[in-house]
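All chains are named by letter (A, B, ...) in the order of the sequence lines, taking the proteins before the strands, and each is independently numbered beginning at 1.
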2 protein chains.
Amino acid sequence: MPRAVVKPTEEADIRALSLFNGMTEESFQALFRGAYVQNFPPMIDLITEGDPSDFLHVITHGSVELFAEWNGRETTMATVRPVSTFILAATIRDAPYLMSARTLEKSRIVLLPSIDVREVFATDPVFARAIVDELAMCYRAVIKNTKNLKLRTSVERLANFILRNVSNGDGLATFELSMEKRRLASFLGMTPENLSRAIKTLQGYGVKVEGAQVTVHDVEDLTAFAKPEALIDDYST
Amino acid sequence: MPRAVVKPTEEADIRALSLFNGMTEESFQALFRGAYVQNFPPMIDLITEGDPSDFLHVITHGSVELFAEWNGRETTMATVRPVSTFILAATIRDAPYLMSARTLEKSRIVLLPSIDVREVFATDPVFARAIVDELAMCYRAVIKNTKNLKLRTSVERLANFILRNVSNGDGLATFELSMEKRRLASFLGMTPENLSRAIKTLQGYGVKVEGAQVTVHDVEDLTAFAKPEALIDDYST
DNA sequence: CGCTATGTTGATCCATATCAATAAGTGTGG
DNA sequence: CCACACTTATTGATATGGATCAACATAGCG
């Protein structure tokens with residue numbers, strides 16, 4: 001694999017991540033000494049579940065899908081976007097990956113040797129604290145996701161997904177789907193056919209989907225149906 | 001609430017937990033200075049989701065159910081047994097609990113003020129490392145659980161649950177259910193009625209359930225059906 | 001003991017998956 | 001730039017896993 005230099009602007013982006021922004025320059029350099037960067041085309045497998053976790057991955061451009069397989073079935077676990085890290089827990093525990101990862105678009109990935117991450121963790125208390133914060137947040141995100149899956153029907157999950165995305169906007173109740181519908185379906189725990197029908201069901205609550213463009217005409221109405229709540233739908237805590 | 005002294009044997013049990021066993025005596029004492037212990041009857045609510053996380057909980061006797069609610073529905077997220085901690089992530093992030101907890105039997109709980117946990121975390125690198133390990137393990141456990149839920153049918157989940165429990169035994173393919181069936185059903189993501197039928201279905205694979213006693217007559221056969229795999233069913237990594 | 005909660009079984013309903021056909025994009029090479 | 005191939009999305013028909021409702025059995029527990 002061709003090893004590329006990390007661009008200065010890129011390094012700055014990564015350093016701005018909460019995981020890295022408080023650490024000493026010395027620690028940061030120690031982390032990046034063994035790092036390398038690569039550009040990947042779409043639909044390239046980056047990691048396969050079960051493999052040893054040699055690198056902490058940081059995505060700086062593009063998008064990556066985390067997915068899992070069992071007995072011939074496959075499900076989307078998450079989609080990762082810049083700038084963020086993924087598979088931190090496996091790196092920390094020096095344990096095999098539980099999920100596979102593939103690029104969805106042309107993507108740029110920084111690879112930090114896991115051994116360096118563990119090394120710096122041991123010497124830089126600020127970094128240690130940041131890793132704990134990050135892990136605790138990831139843990140809580142997965143718990144929220146489990147509640148979402150177990151307590152809601154597929155239409156309710158879709159309704160809340162839509163609300164979460166439009167509310168992030170600038171007041172205009174519209175947004176663009178950031179992934180293919182079939183991946184969204186898998187992420188939400190349903191089939192593509194079922195997603196199509198769920199969208200139709202939500203038309204009754206003022207939701208219109210044209211291609212990737214989602215518009216909510218009556219946020220009140222959709223909210224009354226979806227009943228979003230912080231302990232499931234707020235990804236910031 | 002009556003505040004009780006932590007018994008020496010109990011303190012030893014807690015110190016033996018991987019989370020605490022490497023830390024300095026000084027740190028350990030700092031953690032336990034503000035600690036208190038309480039005995040609770042069965043079916044007492046210990047914490048309610050949404051509440052601020054004032055204490056890290058350690059269960060030393062009994063059993064505790066972690067559950068979540070939304071829109072009038074309730075689901076069992078996990079059952080906690082001695083000696084282990086729970087709601088570590090909320091404590092670390094100083095964020096509201098995502099799950100509620102109630103005692104299932106008479107239980108003894110040690111409460112460590114969250115503020116002390118965060119304080120000692122900042123000063124004791126061994127403790128910091130242990131917390132990270134614990135959190136990473138918890139994170140991975142929830143990911144495994146999500147894979148279990150999304151990739152398997154309810155009968156498959158039950159089959160793997162049974163295998164996981166009998167294989168922990170002494171070679172004899174039998175074990176006792178550690179919780180009521182309705183809670184097991186909820187944990188596995190199904191209704192009690194459905195669990196009854198799932199058990200019947202597994203009779204065809206040599207599973208017999210009499211009360212709480214589960215016997216597997218043909219582990220080979222059940223394994224062939226359940227297809228357990230480390231990346232979902234092994235809780236140790 | 002008898003009450004109350006839990007568990008089982010049966011009948012039925014509903015949500016979601018599956019199968020199948022078509023339509024609509026999307027990318028590729030001539 | 002268009003035609004073709006291929007993937008994705010939609011729609012309809014049907015099957016099925018699982019939920020719900022109801023009745024009854026059973027087991028804990030005061």
### ring pair (Phe, Tyr, Trp, His ring centres under 6.0 Å) partners of residues 172-211 of chain A, not counting sequence neighbours, each pair once
A/Y205-A/F225

### Task
May I ask you to verify if any side-chain N or O of A/S154 is less than 4.0 angstrom from the OP1 or OP2 atom of C/dT16?
yes

### Task
Write down the distance between CG (B/N194) and C1' (D/dC21), rounded to a whole number of angstrom.
15 Å

### Message
Using 30° and 60° as the class boundaries, would you call the ring planes of B/F86 and B/H57 parallel, tilted or perpendicular?
### Response
tilted

## Note on the structure
Of B/E193 and A/G211, the one whose nearest nucleotide on DNA chain C sits closer to the 5' end is B/E193

#### Entry: Nearest-Å distance for atom pair CG/P, residues B/L149 and D/dG17
18 Å

### Query
Rounding to a whole Å, what distance do you find between B/R182:CZ and D/dT26:P?
20 Å

### Message
Without decimals, in angstroms, what is the distance between A/L195 CG and C/dA17 C1'?
### Response
14 Å

### Query
Between C/dG7 atom P and B/K200 atom NZ, what is the distance in whole Å?
16 Å

### Task
Provide, to the nearest angstrom, the distance between the CD atom belonging to B/E156 and the P atom belonging to C/dA17.
14 Å

### Query
Does any N or O donor sit under 3.5 Å from an N or O acceptor when you compare the side chain of B/R197 with the base of D/dG17?
no

### Task
Taking the six-membered ring of A/F67 (Phe, Tyr or Trp), confirm whether the NZ or CZ of A/R102 is under 6.0 Å from its centre and within 45° of its axis.
yes

### Query
For D/dA19, does either OP1 or OP2 sit under 4.0 Å from a side-chain N or O belonging to B/T191?
yes

### Query
D/dT7 C1' sits how many Å from A/E180 CD, rounded?
9 Å

#### Entry: Rounded interatomic separation in angstrom, taking CG from B/L184 and C1' from C/dT8
15 Å

#### Entry: Cationic N near anionic O, under 4.0 Å, A/R152 to A/D233
yes

